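Reviewing the structure listed below.
These figures come from a predicted structure and were not determined experimentally. Naming: A, B, ... by sequence-line order, numbering from 1 per chain. Computation of the quantities below employed the complete heavy-atom set of this structure, encompassing side-chain atoms and omitting hydrogens, waters and symmetry-equivalent molecules.
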2 protein chains.
Amino acid sequence: MISKPELSIPEPTLRRLPRYYNYLKELLKVGREIVSCTHIGKDLDLDPPQIRKDLAFTGIRGVPKVGYQVEVLLKSIEDFFGWNNIDEAFLVGAGNMGRALIGYQGFSRYGFKIIAAFDNAPEIIGQTINGVEVLPLSKIKSLCKRMNVKIGVIATPAHAAQEVAEMMIAGGIRGIWNFAPAEIRAPEGVIVQNENLATGLAVLCKKLQMLQQSGKFRQEVEK
Amino acid sequence: MISKPELSIPEPTLRRLPRYYNYLKELLKVGREIVSCTHIGKDLDLDPPQIRKDLAFTGIRGVPKVGYQVEVLLKSIEDFFGWNNIDEAFLVGAGNMGRALIGYQGFSRYGFKIIAAFDNAPEIIGQTINGVEVLPLSKIKSLCKRMNVKIGVIATPAHAAQEVAEMMIAGGIRGIWNFAPAEIRAPEGVIVQNENLATGLAVLCKKLQMLQQSGKFRQEVEK
DNA sequence: GTGTAATCGAGAAAAATTTATCGATAAAAA
DNA sequence: TTTTTATCGATAAATTTTTCTCGATTACAC
């Protein structure tokens, strides 16, 4: 029972940190230099002690009565995630989802860059999408090795995902960001992060549904 | 302290359910008719009792020694989320992210459909993307009302998100699915679901980083 | 039939996470 | 200079979530 990559940082914290980061970037734009947890808490609807704890994981210390310097805080989060040096990645599946990921400008902020795309469809191979060339899938293993790429993005249909993952792993990929609605099995030492768009949608729809029901309920009670 | 939409179902459960759903769909394709929690647990790397508990929230009951009927289980999850009747939604921001969301075929499975897109850029207005027309943003409020659309998707740059959200809310939108890397403030009774792609990326990168460090550490110890 | 094995459901125990509390510290005001 | 106030950090309490345990149920083998 020691197999898992022993994440000593709570995952909820890990998920909140990028949110702080985006928020702080906005603050910086507005020209704010200093911010307190109380203030962040109001804007993000979180409890100040929790924010303090989360931020403490990045190794930063605040000053009583003052708070944190926005720039220092941003730097601290960047260092924590290693966003200052760029991670180059390969993407497989240049369909709609794949194209969107290639075209999405926002990743540069997080030190992430898709440097090549792969696909099987002859009509897509050879195209250039947002400056990223689409290569035949068969080449992925050798190119992974040659270019020492460690992160792979999967944006294929569900049925192709596992096979693609195995090709990536054979090429030495250590982290897989999976957008296909499928479960990927990977050996120990390879991290798979599943990104399921439906999850967020489901949560939204369910909350909406419950809200409506409670609304109806309230109306009926009020009669 | 009674303000929040009192989600009596644990959110982690809510986030796991779509995962079960996708997994079960795959099982069905392979022709499997019956499945036990033990089996699901092996494939999804989760504990059987937890799966049982999660599934129980959808109101289903399993049969000892047998498990669950895959089709019945799928139906139960569909009913739970209300995926059998289609939710129509408007999208704002027909950039890369917006186009991807419009083009993504996968949403139909979850009873979700983007029926129109809105943008401000004159060169984009009037285009048709995957059968979805792009209309001027100014029309969104009146069209929301006329077509009784209750869900809005925001795929604009961060700075435009709040303003767009307010237009949507003015038109009667009750649920906002936000892909812009910005915090949206909404009145009570409007649900905002933030979808931050960077979150998953950050978790992946951090796990990878920790894995590498522990690997290095191990190597050094072994010397 | 009867026994065995697999699985379920429900409730208890354990773990993780969130929330609250309290003393300490630093800036601003008196 | 002293008092007041806002905020921090650390610890403790409460809550939530996960994991475990156990008796009950059902199919299958003998």
task = Give a yes or no on whether B:Gln69 atom CD has more than 12 heavy-atom contacts from other residues, nucleotides or ligands under 6.0 Å away.
result = no

key: Distance, rounded to the nearest Å, where B:Ile34 contributes CD1 and D:dT26 contributes C1'   = 12 Å

key: Distance in angstrom units between B:Lys42 NZ and C:dA6 P, rounded   = 10 Å

Output side-chain donor-acceptor pairs under 3.5 Å for residues 56-67 of chain A, partner residues at least two apart or in another chain, one line each.
from    : atom 1 : to      : atom 2 : distance (Å)
A:Thr58 : OG1    : A:Leu55 : O      : 2.7
A:Thr58 : OG1    : A:Ser76 : OG     : 2.7

inquiry  = Using side chain to side chain donor-acceptor pair (under 3.5 Å), reason through A:Glu78 and A:Tyr21 one step at a time and then give a plain yes or no.
reply    = CA-CA 8 Å; A:Glu78 279 166 19; A:Tyr21 186 78; 2.6 Å; yes

message = Is the terminal nitrogen or CZ of A:Lys206 (NZ for Lys, CZ for Arg) located under 6.0 angstrom from the six-membered ring centre of B:Phe80 and within 45° of that ring's axis?
response = yes

query = Which residues satisfy the side-chain contact (heavy atoms from CB on, under 4.5 Å) test with B:Ala155, sequence neighbours excluded?
reply = B:Met97, B:Leu101

inquiry  = Checking A:Glu11 against A:Arg15 for the salt bridge (Lys or Arg N to Asp or Glu O under 4.0 Å) test, could you report, in this order, the C-alpha distance in whole Å, the side-chain angles of both residues, the deciding distance, and whether it holds?
reply    = CA-CA 6 Å; A:Glu11 192 156 321; A:Arg15 304 186 77 84; 3.6 Å; yes

note = To the nearest angstrom, the CD-C1' distance between A:Gln50 and D:dC8 comes to 16 Å

ask   = Quick one: A:Asp54 CG to D:dC8 C1', roughly how many Å, whole number?
value = 15 Å

query = Which whole-number value in Å describes the distance from A:Leu17 CG to C:dT17 C1'?
reply = 15 Å

query = Going by the salt bridge (Lys or Arg N to Asp or Glu O under 4.0 Å) test, which pairs reach into residues 149-159 of chain A, not counting sequence neighbours?
reply = none

query = Can you pull the side chain to side chain donor-acceptor pair (under 3.5 Å) pairs that have at least one residue in residues 159-180 of chain B, sequence neighbours excluded?
reply = B:Gln162-B:Glu166, B:Trp177-B:Glu195, B:Asn178-B:Asn194

query = In residues 18-31 of chain B, which residues come under 4.0 Å of DNA chain C by heavy atom?
reply = none

request  = Calculate the interatomic distance between A:Leu14 atom CG and C:dA16 atom C1'; express it in whole Å.
outcome  = 15 Å

query = Quick check: are there more than 12 heavy atoms from other residues, nucleotides or ligands sitting under 6.0 Å from CD1 of B:Ile86?
reply = no

Footprint string (nucleotides 7-15 of chain C, 5' to 3'): B base within contact, S backbone only, - free, heavy atoms under 4.0 Å = BBBSBB---

ask   = Just how far, in rounded Å, is P of D:dT16 from CD of B:Glu11?
value = 13 Å

message = In this structure, how many angstroms lie between the P atom of D:dT18 and the CZ atom of B:Arg15, rounded?
response = 12 Å

